[in-house]
Amino acid sequence: MTTVLHRIEQARQDCEKLLAVLIDPDFGQDEARLERTVQQACMAKADLLFVGGSLLTSAAFDHCVQLVRRWSDRPVVLFPGSPAQLSRHADAVLFLSLISGRNPELLIGHHVTAAPTVKALGLEAIPTGYMLIDGGKPTTVSYVSQTLPIPHDKPGIAAATALAGELLGLRAIYMDTGSGAARSVSAAMVAAVRAHVDLPIIVGGGIRDGETARALCDAGADLVVVGTAFEEDPDLIFAMSEAVHR
Ligand code: 1GP
C-alpha cells in the first residue's frame with residue numbers, strides 16, 4: 001500500500017514539488033462553499049488536502065472530514081490542533097511534535113491522549129516536527145500553543161531544531177508562520193534547514209502568491225501548504241499549483 005508519507009518521500013526523491021490545500025474544519029458549516037473549495041483544489045491538481053486548525057468554533061470536525069473525503073480524489077491528511085481532531089475518514093494524520101516550543105503537552109502530552117484513537121482508527125501517523133516561526137504578528141497557533149516562535153531572522157536556530165527532530169527519528173519537518181501570518185518563512189531559513197536535514201520539508205503560513213511558493217520550493221521546500229489565500233480568492237489555487245509544479 002502506498003502511504004501518504006511514501007508519496008511525499010517519493011516526490012522528494014524525484015525532485016517533484018507538492019501543494020497541499022488547508023481546509024479550515026469550520027468550513028463544514030457552509031457545505032456549498034466547502035464543496036466548491038474541494039472541487040477547485042482537485043481540478044487545480046493540488047496533491048493533498050489538509051484538514052485542521054488551532055481552534056475550532058464548530059463541533060462538526062468529523063462531518064467536515066467526511067465531506068472532504070466524499071468530494072476529493074486526493075489523500076486527506078489531518079493537521080490537528082488537538083487530540084479531538086481525529087477522524088476515520090482521513091488517510092493520514094500529521095503526528096505533530098511542536099519542537100520549536102517548550103510546552104510539554106505539545107511535545108508528548110497530546111500524543112499520549114491521541115495515540116490509542118489513532119491506532120483504533122487505523123490512521124497512518126506521520127511523525128512530524130512542527131516548527132513555529134515568527135511571521136510578523138501573533139497568530140492563533142502562537143496564542144493557543146503558548147509557545148515562542150523561532151525568530152524570523154535566525155535560520156541557525158531553525159536548522160539546529162530541525163536537525164534535533166531528525167536525530168529523534170521524526171520523518172518530516174513542518175515550518176509554519178501560522179495561518180494568516182503577515183509573512184511566510186523566509187527562503188533563507190528554508191535553505192538553512194534543507195542544508196542540515198534530509199527529511200521532507202513542509203512549509204506553510206502566509207503564502208499568498210505563486211512567486212513566494214516557487215521561491216520556497218527552490219530553497220528546498222518539498223510541500224507547500226496554503227489555506228487563507230484560497231479562502232480569500234479560490235481561483236488563486238490554479239496559479240499556485242502551476243507555480244509549485246512548474
Ligand atoms: C497554517 O500552514 C498553514 O498552519 C497555512 O497557512 O492559512 O496562512 O495559508 P495560511
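Just so you know, ligand 1 is whichever comes first in the structure, and atom 1 is the first atom listed for that ligand.
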Ignoring hydrogens and angles, tell me if any N or O in the side chain of S97 forms a donor-acceptor pair with the backbone of I99 under 3.5 Å. no

Main-chain N/O of Q39 paired to R36 side chain as donor or acceptor, under 3.5 Å: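 A pair under 3.5 Å: no.
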
Close-contact set for ligand 1 against [X] heavy atoms, below 4.0 Å:
| X | answer |
| --- | --- |
| V226 | 9 (O) |
| G206 | 8 (O), 10 (P) |
| S179 | 1 (C), 6 (O), 7 (O), 8 (O), 10 (P) |
| G180 | 7 (O), 8 (O), 10 (P) |
| L22 | 1 (C), 3 (C), 5 (C) |
| G204 | 2 (O) |

Which label fits F79 and Y130: parallel for a plane angle under 30°, tilted from 30 to 60°, or perpendicular past 60°? tilted

With a 3.5 Å cut-off and no angle check, do the side chains of [X] and [Y] form a donor-acceptor pair?
| X | Y | result |
| --- | --- | --- |
| T228 | S179 | yes |
| E124 | H6 | no |
| T147 | N103 | no |

What protein heavy atom lies closest to atom 9 (O) of ligand 1? Include the residue and the distance to one decimal. G227 N, 2.8 Å

Atom 1 (C) of ligand 1 - nearest protein heavy atom and its distance: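 Among all protein heavy atoms, the one nearest atom 1 (C) of ligand 1 is D176 OD2, 3.4 Å.
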
Here's a test for you: under side chain to side chain contact (heavy atoms under 4.5 Å, CB included), which of V77, L86, T117 qualifies with L123? L86

With nothing but distance in play, are any N or O atoms of I207 less than 3.5 Å from an N or O of ligand 1?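 No, there is no polar N/O contact under 3.5 Å.
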
Of the side chain and backbone of T228, name the one, both, or neither that has a heavy atom under 4.0 Å from an atom of ligand 1.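 Both backbone and side chain of T228 come within 4.0 Å of ligand 1.
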
Considering only heavy atoms from C-beta outward, does the side chain of C217 approach that of V244 to under 4.5 Å?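 In contact.
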
Candidate with minimal heavy-atom separation from atom 2 (O) of ligand 1, of Y174, F230, Y130: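 Shortest heavy-atom distance from atom 2 (O) of ligand 1: Y174.
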
If we only consider heavy atoms of F79, is any one of them less than 4.0 Å away from an atom in ligand 1? yes

